[in-house]
There are 2 protein chains.
Amino acid sequence: MPKLGMEPIRREALVTAAIAEIGAAGSLDVTVSAISKRAGMSSALAHHYFGNKDQIFLAAMRHILAGFAVEVRSRLSMADTPRDRLTALVEASFAQSCFDPEVISAWLNFYVKAHSSPDAMRLLRVYQHRLRSNLIHTLRPIAREPEALADTIAALIDGLYIRAALGAVKTNDPASAILAFTAPHLEDER
Amino acid sequence: MPKLGMEPIRREALVTAAIAEIGAAGSLDVTVSAISKRAGMSSALAHHYFGNKDQIFLAAMRHILAGFAVEVRSRLSMADTPRDRLTALVEASFAQSCFDPEVISAWLNFYVKAHSSPDAMRLLRVYQHRLRSNLIHTLRPIAREPEALADTIAALIDGLYIRAALGAVKTNDPASAILAFTAPHLEDER
DNA sequence: ATGTTTATTGATTGACGCGTCAATTAAAAA
DNA sequence: TTTTTAATTGACGCGTCAATCAATAAACAT
């Protein structure tokens, strides 16, 4: 029963299903069949729209990245002072949407995937560069070494992600932990 | 040409080869054949000694963990003050042996593997718990909240590992970055 | 010598999964 | 109504890979 304009609907369904499957399996060892089944279609259709499995994974990651970008912009727009901007950036990294186990699992797996897939690596670089730029720009007025501090904060975010993915999250709030840890490195406002 | 007592030699060769293969591929998508070939034997022999592929991976990770433990003990034994002990712990995490790209790749992949393999998860918990205990014990005399600080430092170590694995390491020395970042949270010696 | 144990592998099996393709359906266009 | 076009799938070919097994060969024991 072919209705027209199914492509975007199918693509989104597949992307969502892929993220869910990756989350359920905890790895990228997920078959196109399983993804398609969850998305309510045949695997042939998935191949028809995406070409191959890697493209599905990449689309899933792009989807997650886009969601994160929205989260960041939304929070940044409500921040005025550098300190508020820093808080916004860090809290965005641990927003509900990013902290979803499925999303964390996808992140972790795509980190590894980036090792062997130049396309995945490029996507990761986009995220990293954007976060780094945002942090440096925000820190410049209030930190002596904005670049070094930004790199440390970024690594800390990544590290807390891993710990969350491994279920060892008894930490109340990763964001406030980072901010408290960072505070001594910020200059007094004058 | 069966010489006797080959088992330990074969096992070590397979473990080393597995780490090399994982490092070369950047993922766990490595065939038993490839590992066996690199180790200079047939895949049947690998199965003979290890039973299945997962056991090879686990043995490889145990091997890496053991090497890390040696590194830690060695450096701890030469430290007297709490501050020296902290330096020893952090620097051990970024020792040459841990920073080897092959080893980093293995770590990253086994993080993911732990998601679906209880055995791998148990191994990771051993490492995490040991590091956490060491950090807390070391920090107790010089930090107000040893547990929270230990968790943050551990996450920071993990995060810097990822960045190293992704090749974005322009940072001079991760260890000194961590120590500098941690310094303000240590109490004055009295 | 003869038998037992250990080491070793080539060949094989069985399963699985990606990607393709021809065929089908039904909406839209002519 | 006829034709085109988008949507959709079942079946399948092809390759891959983990794991098994029977067979061979050398060391050791008696």
Side-chain angles (χ1 to χ4, degrees), chain A residues 1-61 109-110 112-113 116-120, chain B residues 1-22 24-61 106 109-110 112-113 116-120:
Chain A
M1 314 84 166
K3 283 183 183 173
L4 271 279
M6 280 289 100
E7 178 157 355
I9 298 171
R10 295 304 199 185
R11 290 184 92 100
E12 170 141 2
L14 283 167
V15 162
T16 306
I19 294 172
E21 283 292 323
I22 292 168
S27 80
L28 293 187
D29 277 340
V30 174
T31 68
V32 175
S33 299
I35 296 173
S36 311
K37 191 171 185 177
R38 187 185 283 257
M41 72 195 81
S42 74
S43 70
L45 195 54
H47 279 101
H48 174 65
Y49 283 126
F50 278 100
N52 60 40
K53 188 160 74 161
D54 272 8
Q55 295 303 314
I56 302 179
F57 287 155
L58 282 175
M61 206 54 206
N109 278 284
F110 272 94
V112 175
K113 181 84 182 171
S116 53
S117 159
D119 286 333
Chain B
M1 312 86 163
K3 282 182 183 174
L4 274 274
M6 281 286 99
E7 177 155 356
I9 298 170
R10 294 303 197 185
R11 290 184 94 100
E12 170 142 2
L14 283 168
V15 161
T16 306
I19 295 171
E21 283 292 323
I22 292 168
S27 81
L28 292 186
D29 277 341
V30 174
T31 69
V32 175
S33 298
I35 296 173
S36 311
K37 191 171 184 177
R38 188 186 283 257
M41 71 195 81
S42 75
S43 70
L45 194 55
H47 279 99
H48 174 66
Y49 282 127
F50 278 100
N52 60 41
K53 189 160 76 162
D54 273 7
Q55 295 304 313
I56 302 179
F57 287 155
L58 283 174
M61 205 55 205
N109 279 283
F110 272 94
V112 175
K113 180 85 181 169
S116 54
S117 160
D119 286 332

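Numbered from 1 within each chain, the chains take letters A, B, ... in sequence-line order. None of the values given here were measured: they were computed from a predicted structure.
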For [X] and [N], what is the distance between atoms [atom1] and [atom2] respectively, to the nearest whole Å?
{"X": "B:E7", "N": "C:dT5", "atom1": "CD", "atom2": "C1'", "value": "14 Å"}
{"X": "B:L4", "N": "D:dA26", "atom1": "CG", "atom2": "C1'", "value": "9 Å"}
{"X": "A:K37", "N": "D:dG10", "atom1": "NZ", "atom2": "P", "value": "12 Å"}

Practice task
Would you mind reporting whether B:K53 and B:L28 have side-chain heavy atoms less than 4.5 Å apart?
Solution key: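 A side-chain contact is absent here, since even the closest heavy-atom pair is not under 4.5 Å.
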For [X], give me all partners under side-chain contact (heavy atoms from CB on, under 4.5 Å), at least two apart in sequence or on another chain.
{"X": "A:A24", "result": "A:R38"}
{"X": "A:S42", "result": "A:A44, A:L45"}
{"X": "B:T31", "result": "B:S33, B:A34"}

Handout entry: Nearest heavy atoms of B:S43 and B:V32, plus distance in Å
Key =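 Shortest heavy-atom contact: CB-CG1, 4.0 Å.
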Handout entry: Over all atoms of both residues, closest heavy-atom pair of B:M61 and B:A106
Key =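 Looking at all heavy atoms of both residues, the closest pair is SD-O, 4.3 Å.
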Exercise for the section: Tell me, please, which residues at least two apart from A:N52 pass side chain to side chain donor-acceptor pair (under 3.5 Å). Expected result: none
Handout entry: Residue among A:N109, A:I22, A:D119 satisfying side chain to side chain contact (heavy atoms under 4.5 Å, CB included) with A:F57
Key = A:I22
Handout entry: Strand contacts (DNA chain C) in residues 40-52 of chain B, 4.0 angstrom heavy-atom criterion
Key = B:M41, B:S42, B:A44, B:L45, B:H48, B:Y49
Practice task
Check DNA chain C against residues 28-36 of chain B and give the residues with a non-hydrogen atom under 4.0 Å, in numerical order.
Solution key: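 Hits under 4.0 Å, by residue number: none.
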Exercise for the section: Check salt bridge (charged side-chain N to carboxylate O under 4.0 Å, His left out) between A:D29 and all other residues, then give those that pass, not counting sequence neighbours. Expected result: none
Problem - Contacting residues from residues 8-27 of chain A, given that a heavy atom lies under 4.0 angstrom of DNA chain D - result: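 Correct list: A:R10.
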Table please: side-chain donor-acceptor pairs of residues 4-20 of chain B below 3.5 Å, with sequence neighbours left out.
{"residue": "B:E7", "atom": "OE2", "partner": "B:R11", "partner atom": "NH1", "Å": "3.0"}
{"residue": "B:R11", "atom": "NH1", "partner": "B:Y49", "partner atom": "O", "Å": "3.0"}
{"residue": "B:T16", "atom": "OG1", "partner": "B:E12", "partner atom": "O", "Å": "2.9"}

